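Each remark here refers to the structure printed beneath this line.
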Amino acid sequence: MEKEKKIKPTKELPAGFEDRQEKELLIRDFVISNIKEIMINYGFQYLETPSFEYTESIGKFLPDKDRPGEGVFSFKDENKWLSLRYDLTAPLARYVAKNFNKIPKPFKRYQLGTVWRNEKPGPGRYREFLQFDADYVGTKNLQADAELCILISEILEKCGLDKDDYTLKISSRKFTEKLFEKLNIKSKDQVLTILRALDKIERLGWDEVQKLLGKGRKDKSGDYTKGANLNIEQIKIIENALKNETPENDDVLEIIKIFNAYNFKNFKFDPSVIRGLEYYTGPIFEVNLNFEVKNSKGKAIQFGSIGGGGRYDNLVSNFGNLDYPATGISIGLDRLVFALMQKKDFSLKTVRPIMICVFNKNNTNQYIEILNKLRKANISSEIYPGEGKLKKQMEYANKIESPGVIFYGEDEIKKGEVKLRNLKTGDESSIKIENLTNEIKKLI
RNA sequence: GCACGGGUAGCUCAGUUGGUUAGAGCAGCGGUUUGUGGAACCGAAGGUCGACAGUUCGAAUCUGUCCCCGUGUACCA
């Protein structure tokens, strides 16, 4: 043994994984309880599936490699690859295929769960995050699609967003299909490149996207992206098609008709909505926030969409011969919470305990007596959990934002009363023990 | 993946053209009246300067490789 070094374990977290503190968690709880209420209201069933699936079940099996594709966290278990789920839709398809004879048809379910993506994290983008997902499986009725849009709006507004804080955009895969016909483009590669370029309009603007449709584009850092090599006439055709504010597609028109029946108005037809590449087959939806979101250093960041979805009519059929249509929508809850935290008029009250100071350990029994009284009255409370002088105890109480501390030292015990100090005002008063809980309730 | 910028104390950062004992603020610890917090004072402590290799009499500082973080970009079911 030559150089036996003391190895300190790192305190850093893997990239894209975050500790989450109380404020964020409370807002998250608030969001989740709103979601549950609305989902019940809309008649959805609640479902949970495991974090791990067989890699092949969630569509990540690459037959020519012995390792699953990047993008998922995987490990090999007894010769079979397992992966952490990367969304809740793939597990739903698996669930439906597995339980096909049990479930009602159509099947409406919602799910809340953590998903993992093994990719480069960015501002507001993590590798572990909470997703909400609602789907209709087994119906081609576009009322399902329409209801999903209405429902997602209702969720956002119930969580405190105003109508103009977000934009719900709808389009359809049929729009781009038609466009490619018009352009006479058949190469699959070129189609994909064009779709990817169009997907960036929101972020980069038309001028930059135009470069991506043509030769290519150099970004701020000097990195170069190859374009789709369209000619000027073709780009012009796309530009004109995108300007078309009135949808021509049957499915979008139908959905808008249904929106009208629901008296739902807060949506926009936007043909530049692309989302995913091969997965969707019909109408697609996306929700973007309209207010600025900042990172931890106060810098405004590109926030992207907080949710979206669409119709995917052949996902379930991958598991067998079932031809089974579906449509779904999902929200990235952590991102929504992150944004909500920055809405200036948004705050949730956190409950902090009343603290009983420790003067003398011999009086612990008396302290506990008071503590029990408070806790029985449902008042969050604690005996100072550390060791040390009063000053230190006060500093602690201040740090945890306790609304008040109780002094119950020798003098007070003798008199049968306690001293209650309001930590916001600094006021202090002597109170008979019988009146204590009432006095404290006034203070919190 | 590609491009650019960073890794110095628990945290935020300073560190001149390479020069010997690497600095500050905050936090923490100990005091300043052993019963009173929300930026009071004093003191001590705290670092293989991201890792490894190289150049040099001498490296936090220069070179190379790697790792990690940030931002943009690409990919993204």
Side-chain angles (χ1 to χ4, degrees), chain A residues 3 5-8 10-17 53 55 57-62 68-72 83 85-93 115-125 127 131 192-193 195-197 199-200 203-204 208 211-212 216-227 274-280 295-297 299-302 304-305 309-310 312 315 318 328 330 355 357-360 363 384 387-413 419-428:
Chain A
K3 40 175 181 182
K5 277 187 191 169
K6 235 187 253 174
I7 298 165
K8 273 189 241 164
T10 181
K11 55 186 184 300
E12 305 305 328
L13 287 169
F17 290 82
E53 297 270 355
T55 305
S57 312
I58 51 175
K60 266 293 146 184
F61 187 66
L62 305 176
E70 301 225 330
V72 290
S83 296
R85 62 187 176 203
Y86 56 83
D87 71 6
L88 299 177
T89 312
L92 169 66
V115 302
W116 295 265
R117 293 190 186 182
N118 190 4
E119 54 191 42
K120 197 200 157 198
R125 275 183 84 108
R127 287 157 97 197
Q131 209 172 51
L192 288 178
T193 311
L195 285 178
R196 286 183 190 123
D199 199 24
K200 295 178 177 95
R203 184 154 48 88
L204 301 177
E208 296 302 309
K211 292 179 196 165
L212 286 172
R217 167 180 183 266
K218 206 195 252 184
D219 70 48
K220 254 198 266 173
S221 66
D223 196 23
Y224 192 78
T225 310
K226 263 200 248 163
I274 305 290
R275 294 194 68 77
L277 299 175
E278 332 233 19
Y279 178 88
Y280 294 112
N295 68 8
S296 56
K297 285 180 180 154
K299 210 179 131 191
I301 53 172
Q302 280 288 352
S305 76
Y312 50 102
L315 197 73
N318 293 340
S330 59
M355 188 190 87
C357 293
V358 176
F359 291 98
N360 186 335
N363 291 333
Y384 174 62
E387 292 167 325
K389 301 180 193 169
L390 234 213
K391 183 183 167 82
K392 217 173 165 186
Q393 303 190 23
M394 294 300 289
E395 278 166 2
Y396 165 83
N398 186 53
K399 192 93 182 186
I400 63 165
E401 294 176 314
S402 164
V405 297
I406 285 172
F407 301 119
Y408 195 47
E410 310 277 357
D411 302 348
E412 288 84 1
I413 292 174
K419 227 186 257 173
L420 175 66
R421 183 181 176 92
N422 180 328
L423 284 185
K424 265 170 226 145
T425 60
D427 297 340
E428 208 168 286

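These figures come from a predicted structure and were not determined experimentally. In what follows, chains carry the letters A, B, and so on, assigned in the order in which the sequence lines appear, proteins first and then strands, with residues in each chain numbered from 1.
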Rounded P spacing from B:rC42 to B:rA24 in Å: 14 Å

Within the 4.0 Å heavy-atom criterion, would you say A:Leu204 contacts the bases, only the backbone, or no part of the nucleic acid? sugar-phosphate

Just checking A:Glu395: base, sugar-phosphate only, or nothing, at a heavy-atom cut-off of under 4.0 Å? sugar-phosphate

Plane angle bin for A:Tyr280 and A:Tyr312 - parallel if under 30°, tilted between 30 and 60°, otherwise perpendicular: perpendicular

Give A:Glu410 one of three labels, base, sugar-phosphate or nothing, depending on what nucleic acid heavy atoms sit under 4.0 Å from its own. base

Which nucleotide, in any strand shown, forms a Watson-Crick or G-U wobble pair with B:rA45, with both distances under 3.5 Å? none

Ring centres within less than 5.5 Å and planes less than 30° apart: is that true of A:Tyr396 and B:rG37 in this structure? no

Could you pull out the closest heavy-atom pair between A:Arg275 and A:Ser305, with the gap in Å? NH1-OG, 3.6 Å

Which of the following nucleotides, B:rG1, B:rG35, B:rU36, is nearest to the side chain of A:Met394? B:rU36

Spacing of the P atoms in B:rC62 and B:rU8 (rounded, Å): 15 Å

Do any of residues 398-407 of chain A sit with a heavy atom less than 4.0 Å from RNA chain B, and if so which? A:Asn398, A:Phe407

Does B:rA24 have a Watson-Crick or wobble partner in any strand here, with both distances under 3.5 angstrom, and which is it? B:rU12

So which nucleotide does B:rG1 pair with, by the Watson-Crick or G-U wobble rule with both distances under 3.5 Å? B:rU73

Ignoring hydrogens and angles, answer whether the base of B:rC76 and the side-chain atoms of A:Arg125 contain a donor-acceptor pair closer than 3.5 Å. yes

Using a cut-off of less than 4.0 Å, is there contact between a side-chain N or O of A:Lys392 and OP1 or OP2 of B:rU36? no

Looking at the side chain of A:Lys389, which of B:rA74, B:rU32, B:rC69 is the nearest nucleotide? B:rU32

Going by the rule side chain to side chain donor-acceptor pair (under 3.5 Å), which residues pair with A:Tyr408 if we only count those two or more places apart in sequence or in a different chain? none

Work out how far the P atom of B:rG43 is from that of B:rU33, and round it to whole angstrom. 16 Å

What nucleic acid atoms does A:Lys200 come within less than 4.0 Å of, heavy atoms only: base, sugar-phosphate, or nothing? sugar-phosphate

Given that both distances must come in under 3.5 Å, which nucleotide forms a Watson-Crick or G-U wobble pair with B:rG35? none

A:Arg117 CZ to A:Arg85 CZ distance, which is reported to the nearest 0.5 Å: 12.0 Å

